[in-house]
Each structure stands twice: as structure tokens, then as C-alpha cells.
Amino acid sequence: MTDRQGGLRGWAADRRGAMSRLRFTSLRLRLVVVFGLVALTAAVSASGIAYWLNREAVLTRTQDAVLRDFQQEMQNRAGALPVHPTQDELQRTAGQMANSSQRFSVLLVGQDSNGKTVYGSSDGLSAFALDDVPTSLRKAVDKQQKVTDSNKSAYHLYWQRVVDHGTPYLVAGTRLIGGGPTGYMMKSLEPEAKDLNSLAWSLGIATGLALIGSALLAQAAATTVLKPVHRLGVAARRLGEGKLDTRLRVSGTDELADLSRTFNDAAEALEKRVDDMAARDDASRRFVADMSHELRTPLTAITAVTEILEEELEAESGSMDPMIEPAVRLVVSETRRLNDLVENLMEVTRFDAGTARLVLDDVDIADQITACIDARAWLDAVELDAERGIHARLDPRRLDVILANLIGNALKHGGSPVRVSVRMEQEEGGDLVVAVRDHGPGIPEDVLPHVFDRFYKASASRPRSEGSGLGLSIATENARIHGGSITAANSPEGGAVFTFRLPRDPSRLAEDSKDAGGTGDAGDAGEKGA
């Protein structure tokens, strides 16, 4: 079954690749289409010109031969008739004229001695008749021309091509000079039309073959021309995937070879620049980590001293000098803030270095949220809407960091009551969704895109607020390492809503391992609004 699925996926991938090569925006398809259009235009033009020239040559040759034979027959045979012939004489002469080498039908029209119009047709009385001759041709034949130096004859031979029931004919007529019958001739051009149709079919087939040949030629040219372009595209995708050692093989001296050299130079410069930036980034992270680590030792001693001072402040004996009490309280507060900042910096350094790991356990979400709220004495300010029994495989410590930052941020900058709701999406493998909503003024639109940025504070007038601007950033990183996310928005009913979404089992996204270190505290709650 697995092999079959792999084969189907391979077939689908091949089909998608073929379709991508044939899409209209493809350079290959456009090149084939252009080649085809050029070849089609050239072939159609050449075929049309060849057909027209051959048609005129065939029809003119046949027409000249027929008209010459008809004119000769009129002079030799019709000219031998009396001025007023009988119908029998016309019939006999028409039959003799039709027996010429061209085999055309003849109609002779004359007047007998009584002045009656008589007809003689080579095909009998029911065949070629005067009605078959176009009226315009009859008028031209009967019209007497003025005899001049340039016009020696009063009557001329006229001809016209007509189509009757789909069959082309050549019709001609003339009158004998000096008196006598008028002769008309009709010759079928069907053999010539068949020859021309055969020629047209031949030219059409030649045009089709030329089109196919041009398409094959275009395909070959496209393969030759576009192969370097395809390699360049593959190399660019590999470069975009972070494989900065990608290079193209350069061959030749054409424009594509120059493009490949340019790509290699750009890739080499980019690799060097990224290596330099990575080195500086690593050095910066090591500096922050080392600095934070070195600060922990003196901070531990300072924290112990401040705890003693804080106990003195809270003692009822009043042993603390009222003059120095504000200074002591400031030292205690700033020491606690500095300690939280160092811990948060170390946590951020772990995320940046990629050393943060999950320690997964099966957790009841409602119990975990209750424990987080209770540990920080937020029970009176937070409403929990979560059914017990909703379990997920998570890292409890990191979940506590996320919840503490979101709820603490809502209490500090939003307003009570803060409502925490938990739901599990119904579809199979649905995500765990935790929403934290406050009843404050909401988040300004210009602040909303930056609430998860490190060290971001919405109000420049509060640079020394209790938060460091790292809390929401750390919460986001903890969600991301679980394969989840955190989003911020304003509720239509008022207040801000932070939505925390996690997969029920993130073990497919992160390895089960011990944490590389970190704090157990919730960290800074962050800054989200004025």
C-alpha cells in the first residue's frame, strides 16, 4: 500500500510538473506558440500565393485553349453557313463544332429566310440553351462596336465564368462579322476545379506538416535554450532555502553563461555576507549569554542583601531611617527588576541559540491554569472558564510561563476582570485554544503589530516601567517551540484578547529532552499599551 501511495504521489508530482511546463505563462509554451504562429503565417502565405498562381495558370491555360478553338470553329464552320440558315443547318454545324479537341457545348442563333429566330444546339434541344447564357454576356456579344483604326472589328469574342449547381463553367460568345449566326459556347471547368482542390489539399497538408515541424523545432530550441534557465531557477530555489553553497556550472561564452557567472558571483557574495552576519550574531548571543551568566553571581549576593533590607522595611519596629527608606525601596524594586531582566535575557538567548527543549507531560489544562493563578494570588481578579478533563501533552513549566505573561499583562495593562477561557477544537487532532480577555481600553491599532516585539513599549513616557518588554516575546517563543502560536486582537465587546493555540500533542514537532536551562518564573508580563 505504501509503494502504491508513493507511486501515486510520484505520478501526481510528474503531472503537476508537466502542467507547470505547459501553463500559458510558461516561456516554453510561449516560445512554441510563437514558432508555430510564425511557421503557420509563412506556410499559409506561401500556400496561398502558390494556390493563387497555380489557379490562375490552370484556368488561363484552359480558357485560352478553349476560346482559341471556339473562335477558330466559328470562323471555319459557322462562317460557311448562309446568312439565313435553317434550323437543321445550325443543328448540324453546332454538332460539328462541339466535336473539336476541347469538347465544349455549342449554341448557334440565327434568322431564317422568313425572319424567324432559329436555334441549333450541339446537345439537342433540351441541353445548352440561350437562357444558360448570362444576360450581360449576351448584351456584350450583340453590341456593335464602332470600327476605328484601333478597333478593326464590329463584334468581339466575350467570355465569363459562371457556377451552376456547384459546377464551374466557362461561357463565351461572338457574332460573325458580315452577317451570319451568333455562336455561344459553354465548357465545364470541373476537371480543373478538381485539380485545384487536390492542390489545395496538398498545400493544406504541407502547411500542417510545416506547423508540426515548427512545433518540434521550437520544442528542441526551447529545451536547448531553457535548460540553463531551468538550472538557474533550481539554483535560485536552493539558494532561497538557505543552501548558500549552490553554484552553477558555467560553459560557453553566450549571454546565459554570463548570467550563470553573475549568479555565482552573487551567491558567493551572499554566502560571505551571511557567514559574516552569522558570526557577528553568534558573537552577540555569546556576549549576552556570558554577560547574563556573569551578572547572576553578583545579583545573587545583591538579592540576598535586598531581601534583608526588605525585611527591615516590613518590620514593625521602625528601625529603618525614614530619610533613607525611599532609597531602600527603590534599590529593592530595581534589584528585583534587574534580576528578572537577566533571567529573561538568558531565556531569550536559549531560544536564539536553539538550545531550548521541551519536557513534555500529560497536563490537565484547567488544573494548570488554576495553579498559575493561585501561585500569583490572582484568584480574585481572574475568571476561569475551563472544564476539567481537557488534557494535552505539554511542557508544564513553559505553559506556566505563557499563562503568567498573558494573564499578568492583561491585569497590568487591561483591566479586571480578566477572563480565561479554554476550548478544544472538535475536529480530529484539533488544537487547544486558550483565550485571555481583559476589560481595558484595548490595544491601539498602531501598537497591535508590535506587541510581541522584543523590548517594545507602547508608551515612550514610561521607559522605566516594571516590564522589560520581553514577556510577550518569551511567551511567543514558548508557544512556537510547542508548535503553536499566540495572536493579539481587540474584542468587539471591548478590551484586548490574546489567543493561545497549541496542538494537543506537540511531540511530533519537538523532541522529548531535558530543558537546557531557564527560569521557573513567569518572567516579565510585557508591555502592550499605554
Side-chain angles (χ1 to χ4, degrees), residues 43-79 81 90-110 117-143 145 153 155-177 180-208:
V44 169
S45 300
S47 299
I49 294 173
Y51 178 80
W52 182 79
L53 292 176
N54 281 274
R55 178 179 181 275
E56 290 301 316
V58 169
L59 293 179
T60 301
R61 184 173 60 250
T62 302
Q63 175 181 290
D64 291 345
V66 172
L67 293 178
R68 186 170 54 251
D69 195 15
F70 174 65
Q71 190 172 25
Q72 185 176 358
E73 290 293 328
M74 285 292 295
Q75 291 175 355
N76 295 336
R77 297 186 183 277
L81 291 172
L90 292 178
Q91 190 79 26
R92 183 173 58 255
T93 302
Q96 293 173 351
M97 293 173 63
N99 289 328
S100 67
S101 60
Q102 296 299 325
R103 296 293 179 180
F104 43 71
S105 299
V106 177
L107 174 65
L108 297 177
V109 182
T117 302
V118 291
Y119 303 91
S121 175
S122 61
D123 299 329
L125 297 177
S126 60
F128 184 32
L130 193 61
D131 292 339
D132 296 327
V133 181
T135 304
S136 59
L137 181 60
R138 279 183 281 166
K139 290 180 179 180
V141 169
D142 292 337
K143 184 177 181 181
Q145 305 290 333
S153 302
Y155 299 98
H156 296 275
L157 175 65
Y158 295 94
W159 59 271
Q160 186 175 342
R161 294 174 192 163
V162 297
V163 177
D164 185 18
H165 296 92
T167 303
Y169 292 93
L170 174 65
V171 181
T174 186
R175 292 189 64 170
L176 288 175
I177 301 173
T182 301
Y184 295 98
M185 177 275 303
M186 185 168 68
K187 166 70 175 177
S188 174
L189 298 178
E190 186 174 6
E192 288 73 15
K194 290 182 178 179
D195 292 340
L196 292 174
N197 287 336
S198 298
L199 177 62
W201 274 104
S202 300
L203 292 175
I205 293 174
T207 300

Report all side-chain donor-acceptor pairs from residues 160-172 shorter than 3.5 Å, counting only partners two or more places apart or in another chain.
residue: Gln160; atom: OE1; partner: Ser136; partner atom: OG; Å: 3.4
residue: Arg161; atom: NE; partner: Gln63; partner atom: OE1; Å: 3.3
residue: Arg161; atom: NH2; partner: Gln63; partner atom: OE1; Å: 3.2

Which distance, rounded to the nearest 0.5 Å, do you find between the [atom1] of [X] and the [atom2] of [Y]?
| X | Y | atom1 | atom2 | value |
| --- | --- | --- | --- | --- |
| Asp69 | Asp64 | CG | CG | 12.5 Å |
| Leu108 | Arg77 | CG | CZ | 11.5 Å |
| Phe70 | Tyr184 | CZ | OH | 9.5 Å |
| Leu203 | Ile49 | CG | CD1 | 11.5 Å |
| Gln71 | His156 | CD | NE2 | 11.0 Å |
| Thr93 | Glu73 | OG1 | CD | 10.5 Å |

Of the non-hydrogen atoms in [X] and [Y], which two are nearest, and what is the gap between them?
| X | Y | result |
| --- | --- | --- |
| Gly173 | Leu157 | O-CD1, 3.4 Å |
| Ala43 | Thr207 | CB-CG2, 3.6 Å |
| Val141 | Tyr155 | O-CD2, 3.5 Å |
| Leu107 | Ala129 | CD2-C, 3.5 Å |
| Ala98 | Ser122 | CB-CB, 3.4 Å |
| Pro181 | Leu81 | CG-CD1, 3.9 Å |

Phe128 backbone acceptor or donor facing Asp132 side chain under 3.5 Å:
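No, Asp132 side chain to Phe128 backbone: no donor-acceptor pair under 3.5 Å.
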Taking the side chain as every heavy atom from C-beta outward, state whether Val106 and Met74 have any atom pair closer than 4.5 Å.
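SC-SC contact between Val106 and Met74 ruled out.
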For a 4.5 angstrom cut-off between non-hydrogen side-chain atoms, does Trp159 reach Met185?
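They are not in side-chain contact.
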side-chain hydrogen bond (donor to acceptor under 3.5 Å, both in side chains): pairs with one or both residues in residues 187-205, sequence neighbours excluded:
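Every pair satisfying side-chain hydrogen bond (donor to acceptor under 3.5 Å, both in side chains) with a residue in residues 187-205: Thr62-Glu192.
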